[in-house]
Amino acid sequence: MLAYLARRFVFGAVVLIGTSLITFAVAFLVPADPAVTLAGAKADPRTLATIRRELGLDKPIYIQYGLYLDRALHGDLGRSYIRRENVTALIEERLPATAVLAITAIILSLILGIAMGVIAAASRGRALDHALLFTSLALVSMPVFWLGTMLLIAGGLYVRSFPLGGFSGPRSLVLPALTLALGSAGYYSRILHTNLTEALEQDYVRTARGKGVSRSGVMLHHAMANALLPLVTLAGLDLAGMLSGVVLTETVFNWPGIGRLAYEAVFNLDVPLIMGTVLFSALLIVVANLVVDVIYVWLDPRISLAETR
Amino acid sequence: MPRFRIDTLGAAMVISLLVVAIFAPWLAPHDPTRAVAATYGDPGAPSLAFPMGTDQLGRDVLSRIIFGARISMIVAIAATAITMLIGVAIGLAAGFFGGAIDLALMRFTDVMLSLPVLLLAMAFVTVLRPSLGSILLVIGLVSWTSVARVVRAETLTMSRRDFVVASTALGASSPRLIGRHIVPNVMPIIIVMAALGVSGTLLLEAALSFLGLGIPPPAPSWGRMIEEATIYFRTAPWLATFPGLAIFYAVLGFNLLGYGFLARREQ
């Protein structure tokens with residue numbers, strides 16, 4: 001078990017190093033000279049030389065990468081060109097808003113997805129099952145930013161029960177969280193549907209039915225126990241996909257989070273901020289996946305029993 | 001009870017899209033890039049003459065959506081082709097050769113799979129500057145991972161089948177084995193992944209356009225139409241509604257097609 005976790009940890013480190021290489025390459029490929037961007041177009045050559053020396057831009061590229069990695073490991077992601085602030089500080093400032101939004105959306109998507117998946121599996125082959133399958137595919141097919149805009153128009157303009165964007169208390173959370181959650185809910189419900197259908201054909205379910213356990217009892221106690229576990233892993237993996245949704249949702253709703261920060265960085269061609277947000281998102285995904293791995297190992301006995309049977 | 005044929009519905013939706021894209025000049029009531037309504041800076045509401053309204057420059061939204069089908073289909077299909085090329089090559093190599101090659105390729109795929117795709121695409125497109133070529137390339141570079149995984153799994157099962165083992169025993173070369181025996185048998189799953197891939201690239205292209213990183217104007221891509229419409233969402237909600245419905249329709253069509261195939265294979 002420890003060996004497994006150690007392997008996963010090393011994998012996480014590899015992901016982060018890979019991401020750092022990519023972001024470094026991106027920054028290197030940007031045609032603008034960072035020293036000129038920082039000091040302004042009218043800066044004299046001496047100032048530029050000083051900045052280049054301070055940033056290590058006069059050194060060979062592999063040493064530059066080493067310096068970048070070293071600074072990143074110490075939590076220094078450089079200074080934003082536009083905002084003239086530390087990227088780490090900017091991310092820290094925006095993190096709470098994104099965390100509130102993402103966690104609410106994950107909980108909401110799991111509740112909706114599990115409910116849809118269970119109902120679909122319970123009514124297997126009937127019209128309701130097909131309707132739910134179609135609904136889940138429709139949810140997956142909706143462009144996040146369009147769904148958000150539509151909810152904003154419907155809930156903010158016509159019903160007038162929700163604010164038109166921004167982060168101002170629980171009411172402002174409803175529409176963005178729904179926007180972010182619906183796609184994942186459709187995805188989870190399909191996966192759970194498949195898992196439950198498979199689990200319901202297992203011997204232990206048949207035994208339980210034979211012993212007189214009711215249909216719903218079997219579904220909830222026996223099949224769910226096995227069908228839910230892969231969903232935990234998926235929810236962790238889906239975080240990478242959800243982060244894409246975060247960028248779009250935060251842009252639509254003017255949500256003061258990291259996604260909107262990334263959008264602003266791209267809009268302003270703010271290279272250190274772009275690199276910082278990408279690297280930080282990768283860190284979030286790696287940590288989330290490690291947490292999922294730990295949960296998975298902790299729940300392992302039941303899984304290994306089901307697999308060795 | 002009549003069986004609900006999900007892939008038939010998907011196929012019908014996709015064919016209708018292709019028809020619209022191909023015959024756009026004949027189907028569109030107006031020129032998509034010209035002002036046809038007399039609106040001085042104000043978008044015009046849907047009316048009998050313009051069923052989906054007109055935009056802030058007096059252009060007909062319906063015609064723009066019809067021509068947008070061309071751009072969106074071309075981008076989605078071309079980007080999917082790049083995605084498939086990378087994904088199928090990596091999947092085939094990993095599944096067929098196994099061992100160290102498999103391990104290296106799959107670990108690489110896992111790393112790519114846990115990266116924030118949209119953020120990465122945003123960073124790449126920003127650096128390369130938005131153009132048709134750069135957008136196709138970037139979408140291809142970030143979305144091949146699931147294709148590689150599925151193709152690898154299928155190749156692995158196929159290369160253990162008796163007819164492949166027999167050919168190997170008869171001395172068939174690796175290229176011959178892959179070309180003659182593996183690829184034809186992996187083809188069904190490749191087609192499924194391509195259908196699902198088109199819906200993925202459509203969404204990614206639309207998202208990039210929405211973030212201002214789409215194909216430069218005046219090409220009326222659906223994602224860009226929504227991006228341009230966001231400032232009018234209070235006064236002219238139809239500007240964002242209809243292009244979004246078009247994206248939704250296209251993505252759903254390809255998803256129904258892909259998952260329908262998949263469900264039929266599993267039966």
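Quick note on labels: first sequence line is chain A, next is B, and so on, each numbered from 1. Just so it is clear, the values below take in all heavy atoms, side chains as well, and ignore hydrogens, waters and symmetry mates. Bear in mind that the values here come from a model prediction, so they are computed numbers and not experimental data.
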Under a 4.5 Å heavy-atom cut-off, does chain B meet the side chain of A:Met142, its backbone, both or neither?
-> both

Under 4.5 Å from a heavy atom of chain B, the part of A:Leu16 involved = neither

Roughly how far, to the nearest 0.5 Å, is the [atom2] atom of [Y] from the [atom1] atom of [X]?
| X | Y | atom1 | atom2 | answer |
| --- | --- | --- | --- | --- |
| B:Ile226 | A:Phe145 | CD1 | CZ | 4.5 Å |
| B:Leu252 | A:Leu139 | CG | CG | 10.0 Å |
| B:Phe210 | A:Tyr263 | CZ | OH | 7.0 Å |
| A:Ile274 | B:Phe124 | CD1 | CZ | 12.0 Å |
| A:Thr19 | B:Leu120 | OG1 | CG | 7.5 Å |
| A:Thr23 | B:Leu119 | OG1 | CG | 11.5 Å |

Are side-chain heavy atoms of B:Met122 and A:Val247 found at a separation under 4.5 Å?
-> yes

Contact class of B:Leu202 relative to chain A, heavy atoms under 4.5 angstrom | neither

For B:Thr241, is it the side chain, the backbone, both or neither that has a heavy atom under 4.5 Å from a heavy atom of chain A?
-> both

Could you check B:Leu9 against A:Phe134 for side-chain contact (heavy atoms from CB on, under 4.5 Å), going step by step and ending with a plain yes or no?
-> CA-CA 11 Å; B:Leu9 179 63; A:Phe134 188 83; 3.8 Å; yes

